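Working notes, beginning with the structure itself.
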Amino acid sequence: MKELDLLKKDWQKNDAFEQVSELEIYKMLHKKSSSIVKWILIVSILEFVVLNGISLLLNDAKYDAFMRLHPFISFLEKFNYVIIIVFIYSFYRNFKSISVLNSSKKLIKHILKTRKIVTYYIYWNIFIGGITGALSGVESFREGFNNGINTEGTNEKAVLATNCFTIIIMALLIMGFIWLFYKLLYGRFLSKLKENYTELKKIDL
């Protein structure tokens, strides 16, 4: 934050401008924080549209048939849409709130709130991705087993138990990939908000 460093230097040189400098720093941090939250909102909307658009484009008859045979997984998918829309609405409300703030304490509060919401959003996507991936893996295995992959005398439960390790590893890999994706996508925003929070705590108007 080069602008902040310059303001701090001017502040230290002349005590008469202390209050002015604090106000200027707050205005700058307010503007930056509002911009970051706006971009979090934009990115979350784009992410929702693009990822679901790709999902619809790649959708086929086999996938639809699989979802019809496994209504619980289909329910989780639809429930996930609702939760994501709620998160996006929360980002929007936070952006609207931050854009009209006139107090550093309130701005600090909303920065912390935004960081928590983004963190919960990332955790939710990791959780739902891992659960859905694991359930899909189990159901796909059972479907394949029942459709003739099994051989006479093979016990389904025994085979499924043997493959549980593979399914768990797959679920963990999916969760790790989702974590990396969101870390890259939102990590910089969270880092910038943390910087703004630290600076606001210093001036604490």
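All values derive from a computational prediction rather than experimental measurement.
- Judged by distance alone, the side chain of N94 and the main-chain N or O of S90 form no donor-acceptor pair under 3.5 Å.
- For the pair I117 and F87, the tightest heavy-atom approach, listed with the atom from each and the gap, is O-CE2, 3.7 Å.
- Of all non-hydrogen atoms in L193 and I111, the two that sit nearest each other are O-CG2, 3.5 Å.
- Rounded to the nearest 0.5 Å, atoms CD1 (I85) and OH (Y92) are 15.5 Å apart.
- S44 places a side-chain N or O within donor-acceptor distance of the main-chain N or O of L41, the cut-off being under 3.5 Å.
- When the shell of 6.0 Å around CZ of F48 is examined, it contains more than 12 heavy atoms from other residues, nucleotides or ligands.
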Donor-acceptor pairs are to be reported for all side-chain atoms of residues 167-184 against protein atoms at under 3.5 Å, with residues two or more places apart or in another chain.
{"residue": "Y182", "atom": "OH", "partner": "E47", "partner atom": "OE2", "Å": "2.2"}
{"residue": "Y182", "atom": "OH", "partner": "N125", "partner atom": "OD1", "Å": "3.2"}

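- Counting heavy atoms from C-beta outward, F189 and V37 have side chains that stay 4.5 Å or more apart.
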**Study point:** CA sep, side-chain torsions, deciding dist, call: K194, R115, side chain to side chain contact (heavy atoms under 4.5 Å, CB included)
**Key:** CA-CA 8 Å; K194 185 178 180 181; R115 294 186 77 237; 4.0 Å; yes
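- A side chain to side chain contact (heavy atoms under 4.5 Å, CB included) with L29 is found for one member of T198, L200, I108 and no other, namely L200.
- The heavy-atom pair separating Y186 from V118 by the smallest distance is CB-CG1, 4.0 Å.
- W124 approaches N80 most closely through the heavy-atom pair NE1-OD1, 2.7 Å.
- Checking side-chain atoms of H30 against main-chain N and O of I98 turns up a donor-acceptor pair under 3.5 Å.
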Review point. Between I88 and Y121, is a side chain to side chain contact (heavy atoms under 4.5 Å, CB included) present by the stated rule, with each step listed?
Key: CA-CA 9 Å; I88 291 173; Y121 177 67; 5.5 Å; no
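- Here the CZ-NE2 distance, from R93 to H110, works out to 8.5 Å after rounding to the nearest 0.5 Å.
- Distance alone, capped at 3.5 Å, places no donor-acceptor pair between the S191 side chain and the G187 backbone.
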